[in-house]
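Numbers here simply count residues along the sequence, with the first being 1.
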Amino acid sequence: MSSFPRISLRPEVTDYLKNVFLNKEVLAAVGHQEAESRFQRLLTCLSHPPSYTCVRASTHLAPLEEIRQKLGEELKKQQMCTSSEKEVSVQILPHPRIPDVLLLPVDGPRPVEQLSSEVVVGAQCGSAVLRGANVFVPGILASPKFMKAGDVVSVFSDLEGRCTRGATSFQGMRGFVGNGVAQIDRSGIFCTDVAAKGVGVRMVEPLYQSPSFDGVLPHLAFLQNLPSVVVGHVLGPLPGERILDMCAAPGGKTCHIAALMRDQGEVVALEKIKNKIDRICQNAKMLQLNSVKVYCFNSTKAVSSNSAQEHEGPPFPAESFNRVLLDAPCSGLGQRPSMSCTWSLKELCSYQPLQRKLLHAAVQLLKKGGVLVYSTCTVTLAENEEQVAWALETFPCLTLQPQEPHIGSEGMLGAGLSPEQLRLLQRFSPELTWDQTGAAAPLPYRADRDTIGFFIAKFLKK
């Protein structure tokens, strides 16, 4: 099934991950052959997109079926503009267990013939193309010397970040993502004083066929990975509660929490990077959510020593919130598609201390009887199950709780957690079934398992 190389990692990172996935507990449970097979499937599936595009529907604004119909109409219009076929069908399926999720099947990899005229884009741009995007001008690194608007070109992703911007060709490690039509001359990309914007290559034969959601019903249909939607439901926000999202950008989970509360109560969103604040505010405004309050603040310092403070914003007195979401900064190794990660092992291992500082603050800010949800979009033990084991030992007031919905796998062996504790965790592990879930498998089985890599733990503070 693989049409391009598995994810490109530094050798030291590959060795580190192999030790994680072939740890002693895993080997004792499934044997060396199965453990090795899972690890190799992981490296391959990470470079491919999930088999479904997930859309979170704004069911606080309109019924799911109405959103589904409107989305179908908009996507049909989009496809009729780019397809020569008279009849265009768009399949949009409601998730059987999650009431605000719509799923669109991804078609691929498709048999697309590579052309002699080649455009090279950055790895991030290449990943976006694999999920249905066109190529925007800032993502283009190299193009043919005499490329003109209207030329048909093959698009390749630079897997190791070695292509020099402005080059006319590139022979380094790369991955083919499809064919498209240039929308701009080469001179308009590289030979202007003002940086060009907009679509540089309109994809007409992508390797993976998936709708482009650029400007499509932005207030009703929000692109979000399935596990990220699950997080909001696991948190279980109720109208009238005060809830903290500690690392909120870009605001998808913040807005989902507010929507689940029917915009009744208060959702406090903290984000320490100033230029990300506007995106959260824009999303909340677009989705007509008035309960969201956004602050530029470092969540590791969000606990105030003054229990009698009167101002609204951070830092906050201890036990200020009914529920806390810590969607922690992480190594992001579960993101799909990701054809390349150039991080060193030192960078990869730098997140665990920060996550623990954030957990310290989260526990202090949570009221007794309140719920803390910890999540990451990575696959390492150090940032997931090991953090759970550390939190349970460090904070005797915390107990693991069942999650609803629980559509992923249980936690991974290797951190010394008991079988009962592992069953309470939720790890989305595409490597367990990737390339083994055929088209005959039921929809929920395929959609719930062929996702990004993700981890969720739910705690109750006694």
Side-chain angles (χ1 to χ4, degrees), residues 5-27 35-36 38-48 122-124 126-127 157-162 173 175 225 227-228 231 246-247 249 272-273 276 298-300 326-360 374-391 408-409 411-417 425-432 434 451-457:
R6 63 186 192 177
I7 186 171
S8 174
L9 302 168
R10 292 190 180 187
E12 62 190 35
V13 173
T14 301
D15 292 342
Y16 170 79
L17 287 176
K18 185 170 184 177
N19 287 332
V20 169
F21 280 81
L22 276 72
N23 70 71
K24 290 181 180 180
E25 288 186 48
V26 170
L27 291 176
E36 177 70 31
R38 290 180 183 179
F39 176 61
Q40 295 302 327
R41 287 201 301 268
L42 174 71
L43 296 180
T44 302
C45 77
L46 286 177
S47 65
H48 294 254
Q124 187 174 1
S127 295
S157 178
D158 173 16
L159 299 184
E160 296 181 319
R162 295 185 177 182
M173 191 171 177
N225 287 303
S228 297
V231 166
M246 297 184 73
C247 305
K272 72 174 185 177
I273 301 175
K276 293 185 177 182
N298 184 344
S299 284
T300 63
L326 174 51
D327 185 48
C330 69
S331 57
L333 285 175
Q335 291 288 6
R336 295 175 61 195
S338 177
M339 291 186 283
S340 175
C341 178
T342 59
W343 286 3
S344 66
L345 183 57
K346 183 179 180 180
E347 290 171 310
L348 184 71
C349 296
S350 66
Y351 287 93
Q352 190 184 67
L354 172 60
Q355 291 161 353
R356 292 186 176 182
K357 287 180 181 179
L358 290 164
L359 279 165
H360 266 289
Y374 172 83
S375 62
T376 75
C377 58
T378 195
V379 299
T380 68
L381 275 174
E383 298 172 78
N384 295 328
E385 288 83 358
E386 286 182 15
Q387 296 293 51
V388 170
W390 172 85
S409 304
M412 183 178 173
L413 292 162
L417 295 170
L425 303 177
Q426 187 162 196
R427 179 184 266 257
F428 289 83
S429 305
E431 75 280 356
L432 295 182
W434 192 81
T451 66
I452 65 169
F454 205 87
F455 178 83
I456 310 173

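- Looking only at side-chain heavy atoms (C-beta outward), Thr378 and Tyr351 stay at 4.5 Å or farther from each other.
- Remark: Ala389 pairs with Leu417 by the side chain to side chain contact (heavy atoms under 4.5 Å, CB included) rule, at least two apart or across chains.
- Counting heavy atoms from C-beta outward, Val379 and Phe21 have side chains that approach closer than 4.5 Å.
- Of the possible polar contacts, none joining the Glu431 side chain to the Leu43 backbone as a donor-acceptor pair under 3.5 Å is found.
- To the nearest 0.5 Å, the span separating CG on Asn225 from CD1 on Ile452 amounts to 4.0 Å.
- Applying the side-chain hydrogen bond (donor to acceptor under 3.5 Å, both in side chains) test to Gln335 and every residue at least two apart in sequence or in another chain returns nothing.
- In this structure a side-chain-to-backbone donor-acceptor pair under 3.5 Å is present from Glu12 to Leu345.
- In terms of the side chain to side chain contact (heavy atoms under 4.5 Å, CB included) criterion, residue partners of Ser338 (sequence neighbours excluded) are, by chain and number, Ile7.
- Side-chain contact check for Leu354 versus Thr300: some heavy-atom pair is nearer than 4.5 Å.
- Put simply, the side chain of Leu348 reaches to within 4.5 Å of the side chain of Leu333, judged on heavy atoms.
- Here the side chain of Arg336 pairs a donor or acceptor atom with the backbone of His48 at under 3.5 angstrom.
- When side chains are defined from C-beta on, Leu46 does not count as touching Arg6, because their heavy atoms never get closer than 4.5 Å.
- Closest approach of Tyr374 and Ala328 over heavy atoms only: CE1-CB, 3.7 Å.
- Shortest non-hydrogen contact noted between Arg427 and Thr380 is NH2-O, 3.5 Å.
- Nearest heavy-atom pair, Asp158 versus Met173, reported as atom, atom and distance to 0.1 Å: OD1-O, 3.9 Å.
- Counting all heavy atoms, side chain and backbone alike, Leu22 lies closest to Ala35 at CD1-O, 3.7 Å.
- Summarising the geometry of Asp327 relative to Cys247, their closest heavy-atom pair is O-CB, 3.6 Å, with the distance given to 0.1 Å.
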Yes or no on side-chain contact (heavy atoms from CB on, under 4.5 Å) for Tyr16 and Cys349, after CA distance, side-chain angles and deciding distance?
CA-CA 10 Å; Tyr16 170 79; Cys349 296; 4.2 Å; yes
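- Side-chain atoms of Ser344 and Arg10, non-hydrogen and from C-beta on, do get closer than 4.5 Å to each other.
- Screening Glu25, Glu386, Gln387 for a side-chain contact (heavy atoms from CB on, under 4.5 Å) with Leu381, the sole residue that qualifies is Glu386.
- No donor-acceptor pair closer than 3.5 Å links the side chain of Gln426 to the backbone N or O of Ile456.
- Here CZ of Arg41 is found 11.0 Å from OG of Ser429. Values are rounded to the nearest 0.5 Å.
- The aromatic rings of Phe454 and Phe428 sit perpendicular to each other, their planes meeting at more than 60°, with 30° as the lower class boundary.
- A 4.5 Å side-chain heavy-atom check between Met412 and Asn23 finds at least one atom pair inside the cut-off.
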Between Glu160 and Thr342, is the side-chain contact (heavy atoms from CB on, under 4.5 Å) condition met? List the steps.
CA-CA 7 Å; Glu160 296 181 319; Thr342 59; 5.7 Å; no
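- When all heavy atoms are compared, the tightest approach of Ser340 to Ala123 is CB-CB, 4.2 Å.
- Going from atom CE of Met339 over to atom CD of Gln124 covers 11.5 Å, rounded to the nearest 0.5 Å.
- Of the inter-residue distances, the one linking Ser299 atom OG with His360 atom NE2 reads 15.0 Å to the nearest 0.5 angstrom.
- By the neighbour-count criterion of 12 heavy atoms within 6.0 Å, atom CD of Glu347 is densely surrounded, having more than that number from other residues, nucleotides or ligands.
- Between atom CG of residue Asn384 and atom OG of residue Ser375 there is a gap of 9.5 Å, rounded to the nearest 0.5 Å.
- A donor-acceptor pair under 3.5 Å is formed between the side chain of Gln352 and the backbone N or O of Ala382.
- Proximity of Ser157 to Ser127: side-chain heavy atoms (C-beta onward) are nowhere separated by under 4.5 Å.
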